[in-house]
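Note that the structure is predicted; figures quoted are calculated from it, not measured. Computation of the quantities below employed the complete heavy-atom set of this structure, encompassing side-chain atoms and omitting hydrogens, waters and symmetry-equivalent molecules. Letters go in sequence order (proteins before strands), and every chain restarts at 1.
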Amino acid sequence: AQTVTQSQPEMSVQEAETVTLSCTYDTSESDYYLFWYKQPPSRQMILVIRQEAYKQQNATENRFSVNFQKAAKSFSLKISDSQLGDAAMYFCAYLLGGGGSRLTFGEGTQLTVNP
Amino acid sequence: DGGITQSPKYLFRKEGQNVTLSCEQNLNHDAMYWYRQDPGQGLRLIYYSQIVNDFQKGDIAEGYSVSREKKESFPLTVTSAQKNPTAFYLCASSSPYGREPNTEAFFGQGTRLTVV
């Protein structure tokens, strides 16, 4: 079974600084998707960034980028120029390609942004 | 607008009663999921369904039941057998077969269930 692990329950960063959230996963498959979701206090889940496993290039979305290391099964999220609105719970998630799969989440990392 | 809708937003249940949480999507997604989230915790999978009339247990299915009679709908029933049902429940759906270029899971706004 696939597992997703986030080893940092809490992280903090100064406004305008950069922070990296860690995620590792375990799978024997080669075709899958990885995601980072943000959950602010409203509890609405918001997609931050998506990575297809077959793509070697790391995904980027404005201030958000990932370091995808397929062989190491590592998928970290880097937030640059942190803003107060980035404060939230961040979840790493895994979805097997091709259907028939559960969407598996890590335990989450609570990010605090200090002014 | 396409999306996924959960109702109600807040739900109160007396001990010993069954209660059903609604989840509807108009995104034409085959896959749907139910998660439970406790305060300060991650998302734990209750049930998921990849196709109409079929569903699989997740990690914490005991005390819960689901049905998938229509592609658009995936209701969750919290039965009296669930010993600690007070939690936040999230429903999600994802692109057909997870092969779309923009595959992602879309989430409802959640239902906060409280046992009184």
Side-chain angles (χ1 to χ4, degrees), chain A residues 1-10 21 23 25 27 29-55 57 59 61 64 88-112, chain B residues 3-6 9-10 23 25 27 29-52 54-61 66 74 87-113:
Chain A
Q2 291 80 20
T3 59
V4 178
T5 303
Q6 294 177 247
S7 59
Q8 306 154 317
E10 298 177 348
L21 308 183
C23 173
Y25 58 96
T27 185
E29 306 291 339
S30 60
D31 180 15
Y32 53 88
Y33 295 82
L34 296 166
F35 309 91
W36 278 97
Y37 279 88
K38 169 184 177 181
Q39 188 182 43
S42 68
R43 292 201 168 191
Q44 179 66 51
M45 296 287 282
I46 302 165
L47 178 67
V48 175
I49 200 164
R50 170 199 305 111
Q51 176 78 45
E52 293 88 344
Y54 65 86
K55 290 186 177 180
Q57 186 174 7
E61 287 288 342
F64 299 88
M89 180 75 88
Y90 286 80
F91 292 100
C92 179
Y94 168 101
L95 177 66
L96 181 65
S101 169
R102 52 196 290 165
L103 175 61
T104 303
F105 284 84
E107 304 89 341
T109 297
Q110 182 66 51
L111 178 66
T112 301
Chain B
I4 182 166
T5 302
Q6 287 186 243
K9 189 173 182 179
Y10 299 96
C23 179
Q25 54 97 0
L27 300 164
H29 286 170
D30 285 293
M32 296 188 73
Y33 313 83
W34 273 106
Y35 295 90
R36 169 179 172 145
Q37 187 177 28
D38 293 286
Q41 303 295 314
L43 279 66
R44 292 187 289 169
L45 184 64
I46 305 172
Y47 269 98
Y48 65 106
S49 169
Q50 297 291 324
I51 197 169
V52 174
D54 189 37
F55 47 83
Q56 290 77 41
K57 292 183 178 179
D59 299 318
I60 56 167
V66 293
F74 191 41
F88 185 68
Y89 292 87
L90 276 165
C91 180
S93 68
S94 67
S95 309
Y97 302 111
R99 284 202 177 279
E100 299 295 321
N102 295 317
T103 288
E104 67 175 276
F106 290 81
F107 285 82
Q109 293 188 312
T111 295
R112 173 68 182 175
L113 173 63

Is chain B contacted by the side chain of [X], its backbone, both, or neither, given a heavy-atom distance below 4.5 Å?
X	answer
A/E107	backbone
A/Q39	side chain
A/Y32	neither

To the nearest 0.5 Å, how far apart are [atom1] in [X] and [atom2] in [Y]?
X	Y	atom1	atom2	value
B/L90	A/R43	CG	CZ	8.0 Å
B/S94	A/F35	OG	CZ	7.5 Å
A/L103	B/F107	CG	CZ	5.5 Å
A/F105	B/Q37	CZ	CD	9.5 Å

[X] versus chain A, heavy atoms under 4.5 Å apart: side chain, backbone, both or neither?
X	result
B/Q41	backbone
B/D59	both
B/F88	both
B/L45	side chain

*With A/R102 as the cation and B/Y33 as the aromatic partner, state whether NZ or CZ is under 6.0 Å from the six-membered ring centre and within 45° of the axis.*
no
*asked:* Heavy-atom pairs under 4.5 Å with chain B - which of A/Q6, A/M89, A/M45 has more of them than the others?
replied: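 Result: the option with the highest number of such pairs is A/M45.
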_Within 6.0 Å of CD in B/Q109, more than 12 heavy atoms from elsewhere_ =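 Not more than 12 within 6.0 Å, no.
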*For the candidates B/G40, B/G42, B/S49, which exhibits the highest count of non-hydrogen atom pairs separated by less than 4.5 Å from chain A?*
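Sorted descending by pairs with chain A, the first entry is B/G42.
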